[in-house]
Amino acid sequence: MRTFGRLPVVLAFSVLLSPGIAGVRAASDPERKEASETVAPETAEQAKLKRRAALLQRLTRVPPRDREGMERVKRVLDAVRGGEMELAERLLEQIEALYTTLEAQAPGDVLNFLLADMAARDGERKRQRQELAAAVPLLRKALELAPPWAVKERVSHLVGLGKALRELGRFTEAGKTLDEARQLAESRLSSENPLMADLLDAQGALLIDLDRPDTATTAEPLLRRALVLREGEPEPIPLLVARSVARLARLRLWQRQFDVAEELARRALRIRLDQLAPNDLEVAKSLFDLGVVRRMRGEFATAEPLLEQALAIQEEGLDTPHLDIAATLHARAAMAQQSGRLDDAERFLQRALGLCRQYGGTDYPLTGVVLQDLGLLYLERKSPTEAEKYLRQALLHVERVYGPEHPRLNAIVDPLAELYRSQGRDAEAEAYLRKSFSVAEHKLGAHHNQVADRHLRLGRHYRETGRLAEAEHHYRKGLEIQRENDPSGTRDTRWLREYATLLRDMKRPLHARMIDNLIDSIVTGGPQATTMPSVRVEGP
């Protein structure tokens, strides 16, 4: 940072040298006193001390310009402290010659390097405490200050910034930041560098959060490579290995591979219990993971104690991240709701929502999930006004964070459409049914059973609102897709009955009877056509 000038850099660097200079001064004071009294000729020891002081003084005039320069200076200091003056002089002459050659170039800024390191440490501490809004500017400042030659530090700052942005729900920015880190690391660092594991783990976590159709195929190789790197260190750090294992457990949970997810979650828990106290927050994370796996398997009797234990550790911890507590409360609410304990579920969800809003920022991903679950809870409690309020808030949140075509939207749009249909708000119901259809088709393609289900829902809506031709189109299209995917027809009897009713409403009894015969064949297990019978009216 040229605006600081050369003097502050020299002063900052002189802190490193002060023990050696102080030692020279302290050792030479008695000799000075004796010389003033006796005026004796200079001894060999005095000459050595003077030479040492001169070397150190020269060294302060050549502050390092990069990481290599810092290493060179350290070697000179080591030689001086070891009494190897000839070696120290040779090394110092090399540095002086090199710096004379580079004098016309802009000096590297060691002060900036130190300031960047301070900002990064503060930013990472705030990120760990989930003070994310405060962490992001600090990590950006670290990246701005870090000199171009500090490649490892720049990669580390980029990864930390990417993590903070992901945790805030700013996925697009996080992806660009981590991609920049990846490009820099792959061009300037070894593929075995420990920083690569942290980078790959962060990218894998982002892909899981994005919840795309290709998440499994794109996230798994990154997370597995991160684990290999951490386990392959000469002295592996168990807690970092545990983090990689826990991340893989969450990927398997996302894939609904519950047995593998539980095995990995147990492994992470064992490592953490071996390294940490039983009430450590890292242990709480593993208890949470294991509890969520059990809950999603429907094993409530064993899931609940795990989540209770995780929450107890988190609430007793002095520096517990509030958003971790929110996640555990959300998991407990889901289990309470599934068990029919709606009062408990509401209490947990409202508390989780308060924490998310207070500490998570406007785009924090869990906020949308909690809003959605509150809406569904109020639907179950027959409170349509509250249900609509929370579901609409959830919809706006998820659209803002994930985009207007993300598959997570349908978990909100479908119940909203059903709520409006039950209230006779036909235009609003149709708008949400069409949105649900668009989202499903965008994610899954035109021939998926979930797309068929959206066709049939639209068909029902149009039948109930008297738009019979449109209803017939969607019923038929949905039933054809179902028959393609399930030739036995075991899935579509209910919708076939509705279709037959529609055909009768349209004064087409013969066609309705053909559908009735198909239903009878399915129910009795008789021979069936592998395609829908043709019931369209030909001609004018």
Side-chain angles (χ1 to χ4, degrees), residues 211 249-250 252-259 261-262 265 284-315 322-357 365-395 397-398 407-423 429 432 436 450 453 457 491 494:
D211 190 15
R250 292 184 183 184
R252 294 297 179 232
L253 183 62
W254 180 88
Q255 295 173 298
R256 305 188 74 80
Q257 297 178 13
F258 298 132
D259 289 346
E262 177 163 350
K285 288 181 180 180
S286 278
L287 292 169
F288 168 83
D289 289 343
L290 194 54
V292 171
V293 173
R294 296 280 180 84
R295 178 185 70 77
M296 292 188 69
R297 296 175 76 162
E299 299 173 1
F300 297 160
T302 55
E304 189 152 20
L306 290 166
L307 293 173
E308 286 177 352
Q309 189 178 352
L311 186 60
I313 294 171
Q314 290 168 341
E315 290 181 325
H322 297 284
L323 297 173
D324 283 358
I325 294 176
T328 307
L329 287 166
H330 173 255
R332 292 199 65 188
M335 189 162 53
Q337 187 171 354
Q338 288 174 301
S339 303
R341 296 169 12 236
L342 301 188
D343 289 343
D344 286 345
E346 182 179 4
R347 177 166 50 86
F348 290 140
L349 285 172
Q350 288 290 2
R351 187 178 167 204
L353 180 60
L355 292 170
C356 287
R357 283 176 164 166
L366 183 60
T367 306
V369 180
V370 174
L371 287 166
Q372 170 194 317
D373 287 352
L374 272 168
L376 297 176
L377 174 67
Y378 286 120
L379 274 181
E380 190 173 352
R381 302 195 79 159
K382 312 298 183 188
S383 301
T385 303
E386 289 293 295
E388 180 183 0
K389 179 180 78 172
Y390 285 109
L391 287 172
R392 287 181 68 88
Q393 289 179 25
L395 181 61
H397 187 280
V398 173
R408 291 189 182 192
L409 288 168
N410 276 350
I412 306 167
V413 170
D414 288 344
L416 265 175
E418 187 60 29
L419 173 64
Y420 292 143
R421 192 180 72 85
S422 69
Q423 294 176 332
Y432 282 116
S436 176
Q450 288 189 31
D453 184 68
R457 288 170 184 267
R491 293 172 51 96
R494 174 181 53 129

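This chain uses plain numbering: 1 for the first residue, then up along the sequence. Please read all numbers here as calculations on a predicted model, not as lab measurements.
Looking at every heavy atom in both residues, K285 comes nearest to R250 through O-NH2, 4.4 Å. Closest heavy-atom contact between Q393 and L371: OE1-CD2, 3.4 Å. Annotation for Y378 and E386: closest pair CG-CB, 3.7 Å, computed over non-hydrogen atoms. Heavy-atom minimum distance, A333 versus F348: CB-CB, 3.6 Å. L290 and A265 make their closest contact through CD1-CB, 4.1 Å (heavy atoms, listed as atom of the first residue, atom of the second, distance). A pairwise comparison of heavy atoms in G375 and L391 identifies CA-CG, 3.8 Å as the closest pair.
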- Task: List the steps, then state whether salt bridge (charged side-chain N to carboxylate O under 4.0 Å, His left out) holds for R294 with E262.
- Result: CA-CA 8 Å; R294 296 280 180 84; E262 177 163 350; 2.9 Å; yes
Does the side-chain hydrogen bond (donor to acceptor under 3.5 Å, both in side chains) test come out yes or no for Y420 and E388, once each step is laid out?
-> CA-CA 9 Å; Y420 292 143; E388 180 183 0; 2.9 Å; yes
Is there a side-chain contact (heavy atoms from CB on, under 4.5 Å) between D343 and R381? Walk through the geometry before answering. CA-CA 10 Å; D343 289 343; R381 302 195 79 159; 2.7 Å; yes
### Message
Let's go through R332 and E304 carefully: what are the C-alpha distance in whole Å and the side-chain angles of both, what is the deciding distance for side-chain contact (heavy atoms from CB on, under 4.5 Å) to 0.1 Å, and is it a yes or a no?
### Response
CA-CA 7 Å; R332 292 199 65 188; E304 189 152 20; 3.8 Å; yes
Full working for side-chain contact (heavy atoms from CB on, under 4.5 Å) between Y390 and L376:
CA-CA 9 Å; Y390 285 109; L376 297 176; over 6 Å; no
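If you take CG on L311 and CD on E308, they are separated by 8.5 Å, rounding to the nearest 0.5 Å. Note that CD1 of I325 is 6.0 Å distant from CD of Q314, once rounded to the nearest 0.5 Å. If you take SG on C356 and CG on L349, they are separated by 10.0 Å, rounding to the nearest 0.5 Å. Note: D453 CG to D414 CG = 7.5 Å, rounded to the nearest 0.5 Å. Put simply, CD on Q372 and NE2 on H397 are 11.5 Å apart, with the number rounded to the nearest 0.5 Å. In this structure, the separation between NE2 on H330 and OG1 on T367 is 10.5 Å, given to the nearest 0.5 Å.
Counting only heavy atoms from C-beta outward, the side chains of L366 and L323 never approach each other to under 4.5 Å. Residues R457 and S436 fail the side-chain proximity criterion, which asks for heavy atoms closer than 4.5 Å.
Remark: R252 does not engage D259 in a salt bridge, criterion side-chain N to carboxylate O under 4.0 Å.
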